Amino acid sequence: MTIQFTDNNKHLDFCPLTLTRPVCDLRFGILTIQETWRALFEAAGKSVHCFYQTESYLQEKYSNAEQVDLTIAGNYKPTAVTVNALLALQEGASLFVNGKWLATKGVDAGLSVDLDDHAAIWVEYIWDLFQQNAAAIQIDLDVLTSHRTSESISSTNQVIKPENVFIEPGAKVECATLNASTGPIYIGKDAEVMEGALIRGPFALGDHATVKMGAKIYGPTTIGPECKVGGEISNSILHGYSNKGHDGFIGNSLIGEWCNLGADTNSSNLKNNYGLIKLYHYRSATLEQTPLQFCGLIMGDHSK
């Protein structure tokens, strides 16, 4: 099956993170949006080939396809319900989820099917990524751990609600505190949680990533593959290959790939007057008012 993801006119709404990737390649939950789609289709017995309809300067890296089986909006985190609805879609029909266009099968023939999938998530603004990350982690956890059993948890750890903790093969977790009473905790393949770390779910640690000694992490937080983190982190997403390896605080933050935050880096996530925060918007090239009282650092790829 050939799938083409479209940015759905959302490319500028997720900058600077989308300056180097299409919208569907944003990490949201444990996986990227595109990876969740791929995993769900494969779970349904369909192998997929993915293509991308994005900004022209990105097309050299992210190939476009002229003929596809499905065109899908890249700003939607799916569930198995959505995938099953797409597999049942007739040629030329479009699927609308919660009133919004999601996908078209083949060439649009004006047919439409409506679906209410309240577990799935639309992301419309960049801050939706950290605000809705708890639900996204749960979606990916259901996909990745279905019909599987977690590795055993070492007795050196203090664990609250161990049934909500899933540890992949090769992961090392020793002398840490894992509190999964507030949400699930997922530890990826060959990842490591060092001694003294305090982790409160929902939390996801990507493959080969490291939580260093004495770290304090509040969910919902995602640490992408190959990252190294320490200090204090709250409600944030690190995409992958990025480091915040020392003391310092970030909260309500989004960090791209190959970024580095040096020792004692701190990023405020609350204004001194407790007012709502303005963010620079790449579409209007101005600061725009958000509904957020809490918002921290948003950092594009390869920043230091």
Side-chain angles (χ1 to χ4, degrees), residues 27-48 77-84 87 117-121 132-213 215-229 233 235-240:
R27 188 164 299 279
F28 179 43
I30 302 171
L31 305 170
T32 67
I33 294 172
Q34 176 264 132
E35 287 172 341
T36 303
W37 278 106
R38 183 187 292 273
L40 284 167
F41 274 114
E42 290 177 352
K46 298 288 185 180
S47 62
V48 296
K77 189 79 167 179
T79 67
V81 172
T82 317
V83 168
N84 290 335
L87 292 175
D117 185 357
H118 299 295
I121 310 167
Q132 300 196 68
N133 197 37
I137 288 173
Q138 187 62 60
I139 287 173
D140 286 338
L141 190 71
D142 292 342
V143 175
L144 293 172
T145 65
S146 178
H147 306 297
R148 299 178 60 222
T149 302
S150 170
E151 296 292 300
S152 60
I153 304 172
S154 169
S155 61
T156 65
N157 297 291
Q158 178 70 40
V159 185
I160 303 171
K161 284 269 187 175
E163 64 271 22
N164 289 344
V165 177
F166 193 95
I167 298 178
E168 293 281 5
K172 295 184 289 185
V173 186
E174 299 289 350
C175 300
T177 298
L178 308 177
N179 182 358
S181 65
T182 53
I185 292 175
Y186 174 86
I187 309 297
K189 295 176 184 177
D190 300 315
E192 182 175 11
V193 178
M194 293 183 178
E195 54 271 25
L198 305 173
I199 297 174
R200 187 179 180 91
F203 174 74
L205 185 65
D207 296 351
H208 305 280
T210 302
V211 175
K212 299 182 75 175
M213 292 189 298
K216 296 173 285 186
I217 302 179
Y218 303 82
T221 288
T222 296
I223 307 300
E226 304 282 355
C227 290
K228 292 182 181 179
V229 297
I233 301 173
N235 189 202
S236 297
I237 298 174
L238 278 71
H239 271 65

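Predicted model only: the values in this text are computed from it and were never measured.
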For the backbone of [Y] and the side chain of [X], can you confirm whether one donor and one acceptor N or O come within less than 3.5 Å of each other?
{"X": "Thr221", "Y": "Ser236", "answer": "yes"}
{"X": "Asn164", "Y": "Ala180", "answer": "yes"}
{"X": "Asn133", "Y": "Gly29", "answer": "yes"}
{"X": "Asn157", "Y": "Ala176", "answer": "yes"}

Search all heavy atoms of [X] against all heavy atoms of [Y] and return the closest pair with its distance.
{"X": "Gly188", "Y": "Ala171", "answer": "O-CB, 3.4 Å"}
{"X": "Ile121", "Y": "Ala136", "answer": "CD1-N, 3.6 Å"}
{"X": "Ile137", "Y": "Pro184", "answer": "CG2-CG, 4.3 Å"}
{"X": "Ala44", "Y": "Val83", "answer": "CB-CG1, 4.4 Å"}

How many angstroms lie between atom [atom1] of [X] and atom [atom2] of [Y], to the nearest 0.5 angstrom?
{"X": "Ile160", "Y": "Asn179", "atom1": "CD1", "atom2": "CG", "result": "4.0 Å"}
{"X": "Glu151", "Y": "Lys172", "atom1": "CD", "atom2": "NZ", "result": "14.0 Å"}
{"X": "Ile223", "Y": "Ile187", "atom1": "CD1", "atom2": "CD1", "result": "10.0 Å"}
{"X": "Lys216", "Y": "Ile233", "atom1": "NZ", "atom2": "CD1", "result": "11.5 Å"}

Using distance only, find each side-chain donor-acceptor pair of residues 139-149 under 3.5 Å and give its atom names and separation, not counting sequence neighbours.
from: Asp140; atom 1: OD1; to: Thr36; atom 2: OG1; distance (Å): 2.7
from: Asp140; atom 1: OD1; to: Lys77; atom 2: NZ; distance (Å): 3.2
from: Asp140; atom 1: OD2; to: Ile30; atom 2: N; distance (Å): 2.9
from: Asp140; atom 1: OD2; to: Leu31; atom 2: N; distance (Å): 2.9
from: Asp140; atom 1: OD2; to: Lys77; atom 2: NZ; distance (Å): 2.8
from: Asp142; atom 1: OD1; to: Gln138; atom 2: NE2; distance (Å): 3.0
from: Thr145; atom 1: OG1; to: Leu141; atom 2: O; distance (Å): 2.6
from: Arg148; atom 1: NH1; to: Leu144; atom 2: O; distance (Å): 2.8
from: Arg148; atom 1: NH1; to: Glu168; atom 2: OE1; distance (Å): 3.4
from: Arg148; atom 1: NH1; to: Glu168; atom 2: OE2; distance (Å): 3.0
from: Arg148; atom 1: NH2; to: Glu168; atom 2: OE1; distance (Å): 2.5

Are there over 12 heavy-atom neighbours, none belonging to Tyr218, within less than 6.0 Å of that residue's OH?
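Counting neighbours around OH of Tyr218, 12 or fewer heavy atoms of other residues, nucleotides or ligands fall under 6.0 Å, so no.
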
Who are the side chain to side chain donor-acceptor pair (under 3.5 Å) partners of Asn235, not counting sequence neighbours?
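By the side chain to side chain donor-acceptor pair (under 3.5 Å) rule, Asn235 matches Asn252.
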
Glu174: which residues meet the side chain to side chain donor-acceptor pair (under 3.5 Å) condition with it, sequence neighbours left out?
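Residues passing side chain to side chain donor-acceptor pair (under 3.5 Å) with Glu174: Ser154, Thr156.
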
Extract all donor-acceptor atom pairs below 3.5 Å that involve side chains of residues 198-213 and protein atoms in other chains or at least two apart in sequence.
from: Asp207; atom 1: OD1; to: Lys189; atom 2: N; distance (Å): 2.9
from: Lys212; atom 1: NZ; to: Gly245; atom 2: O; distance (Å): 3.4

For Glu226, enumerate each residue passing the salt bridge (charged side-chain N to carboxylate O under 4.0 Å, His left out) test, keeping only those at least two apart in sequence or located in another chain.
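With sequence neighbours excluded, Glu226 shows a salt bridge (charged side-chain N to carboxylate O under 4.0 Å, His left out) to no residue whatsoever.
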
Partners of Lys46 by salt bridge (charged side-chain N to carboxylate O under 4.0 Å, His left out), sequence neighbours excluded?
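Listed in chain order: nothing, the list is empty.
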
Are Trp37 and Thr82 side-chain neighbours, meaning at least one heavy-atom pair lies under 4.5 Å?
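Result yes, sub-4.5 Å side-chain heavy-atom pair found.
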
